[in-house]
Each structure stands twice: as C-alpha cells, then as structure tokens.
Amino acid sequence: MKKYLLAAAVVVAVGATVAAPAVAAPAPQAAPASHAVAAPASSVRVVAPGERVDAGRGWTVWLTEEGKHWSGPDGYENFRSVVDGNVDLSRPGVSHQSEGDAAGVFHSGLFYGTKKAGKVVLTGTDGTRTTAALLELPGRPGWGVWYAHTGPENDGGASVAFYDRNGRLLAELPGWNA
C-alpha cells in the first residue's frame, strides 16, 4: 500500500556562510531495498531545466523554473511549485514528500532560501541516516530538489534536516509520527 506524506516547511534563519563552488555529481545508483541510497556528503548536481534525472527504482525527477516534477514506477506525474506563493524563498526551508510500500520509500522535496545548500539528511524512525542527492538549476536560483530511497517505514516517517556547505543546520522537519 502506498503512503503519501507532505510536510509543511519549518524555517530556521541562519547567518552568513562561506560560498563554495557547486560540484556536479552523478545520480545515486539504485540499491537493494534494505540499503539506503546516498549521495556524496555535500554535492549539488546542476541540471538543465526539464532535464530528466533517473532517481532509481523507477523514479524520475526534473526541475523547471516553476518547480519540482517527479514521476514514479506507475507513471503518474506530480508537481511541487516554487512560484505559487506557498514557499518563502527568502528564508531557508525544506519540504518532504514520500511514497512507499513494503519494499521501500522514495523521499523527495524542495530545499530553498539559500544559494549555499550543502546536504539534506533523512533520519529514519530506527535512527538510520540517509544523505539525499541534491539537484539545482544553473545560476543557483536559491532553491533545488532533493531525493533519496530508504527502507520501509513501519511506525512513522523519516525526519529531514537541511544543512549549508559548512554543515550548519538551516531547517528541519520532524517525522510525521514524531
């Protein structure tokens, strides 16, 4: 059975950080359901608008200037806007959508409010930490998309933490059953 989760962004303001150049990284490879798929600790892959990224296990993610798009193994496409007024791009924040079954969960969301994104980390209800892959459009628009796969969540959702390039926590979301 699929489950869906959409969490509102919790915003945490931070001070200035030191800029580091964006580093392109390949998309994570799919892993067995019992293992997390992790990206390098602080890489942001720059993708062209509309460029479809294979996010593993039948999932595809792409960015346009309007926001995040994704589709799953069932072919159904979904969208999360960054221009509809529901995301405050002037302050750091993170969103979380997930869909899964007994085989595992696909997590994704927006990160925003900084041009110095470092990493997004999910922490499962069992304490397992998974570093997400990060995607951004050229020119560091101040937002991007993250995604990761985890094992199945049986008693609550994963919490999400968003960090800058210096490892400073920018925003976090508790698990939905926290």
Side-chain angles (χ1 to χ4, degrees), residues 1-9 22-84 86-87 94-112 117-138 141 143-162 173 175-177:
M1 180 170 128
K2 292 182 180 180
K3 67 180 177 182
Y4 296 90
L5 169 70
L6 175 59
V23 177
Q29 298 295 315
S34 63
H35 295 93
V37 173
S42 62
S43 63
V44 178
R45 179 178 170 192
V46 176
V47 296
E51 178 182 341
R52 300 219 174 204
V53 175
D54 179 355
R57 301 183 195 168
W59 293 91
T60 302
V61 178
W62 64 101
L63 289 68
T64 63
E65 297 201 13
E66 290 77 35
K68 167 192 156 198
H69 302 259
W70 72 101
S71 65
D74 60 4
Y76 182 76
E77 292 187 5
N78 214 328
F79 173 70
R80 177 66 172 105
S81 178
V82 295
V83 296
D84 65 2
N86 288 321
V87 176
V94 64
S95 71
H96 183 198
Q97 295 83 39
S98 67
E99 182 177 348
D101 57 25
V105 180
F106 175 73
H107 301 267
S108 65
L110 298 172
F111 62 85
Y112 51 88
K119 66 182 174 179
V120 170
V121 177
L122 286 85
T123 303
T125 56
D126 64 357
T128 302
R129 293 173 52 94
T130 303
T131 302
L134 304 182
L135 305 174
E136 193 173 65
L137 293 172
W143 69 272
V145 171
W146 65 268
Y147 67 89
H149 291 272
T150 65
E153 293 283 337
N154 295 324
D155 61 353
S159 63
V160 180
F162 174 40
L173 294 172
W176 60 269
N177 196 21

From CA spacing to verdict: side-chain contact (heavy atoms from CB on, under 4.5 Å), W146, E136:
CA-CA 9 Å; W146 65 268; E136 193 173 65; over 6 Å; no

Tell me if the aromatic rings of W59 and F106 count as close, with their centers under 6.0 Å from one another.
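Between W59 and F106, the centre distance is under 6.0 Å.
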
Just verifying a value: how many Å separate S81 OG and N86 CG, rounded to the nearest 0.5 Å?
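CG of N86 is found 7.5 Å from OG of S81.
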
How far apart are the C-alpha atoms of V121 and V160, what are their side-chain angles, what is the distance that settles it, and do they pass the side-chain contact (heavy atoms from CB on, under 4.5 Å) test?
CA-CA 6 Å; V121 177; V160 180; over 6 Å; no

Does the side chain of [Y] come within less than 4.5 Å of [X]'s, by heavy atoms?
| X | Y | result |
| --- | --- | --- |
| H69 | T64 | yes |
| L173 | V94 | yes |
| V47 | V53 | yes |
| K119 | F162 | no |
| V120 | L134 | yes |

Heavy-atom closest pair, residues [X] and [Y]:
| X | Y | answer |
| --- | --- | --- |
| K68 | G109 | NZ-N, 3.4 Å |
| A102 | P152 | O-CG, 3.3 Å |
| G157 | T125 | O-CG2, 3.8 Å |
| E65 | W143 | O-CZ2, 4.3 Å |
| L122 | A148 | CD1-CB, 4.1 Å |

Spell out, as yes or no, whether a donor-acceptor pair under 3.5 Å connects the side chain of [X] to the backbone of [Y].
| X | Y | value |
| --- | --- | --- |
| H149 | A55 | yes |
| H107 | H96 | no |
| S95 | L110 | yes |

Decide yes or no on salt bridge (Lys or Arg N to Asp or Glu O under 4.0 Å) for R45 and E51, but give the supporting numbers first.
CA-CA 12 Å; R45 179 178 170 192; E51 178 182 341; 3.4 Å; yes

Working note: V145 + W70, criterion side-chain contact (heavy atoms from CB on, under 4.5 Å); need CA distance, chi angles, decisive distance, verdict.
CA-CA 10 Å; V145 171; W70 72 101; over 6 Å; no

Does a salt bridge link E99 with R57, judged by any charged N lying under 4.0 Å from a carboxylate O?
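Answer for the salt bridge query: no.
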
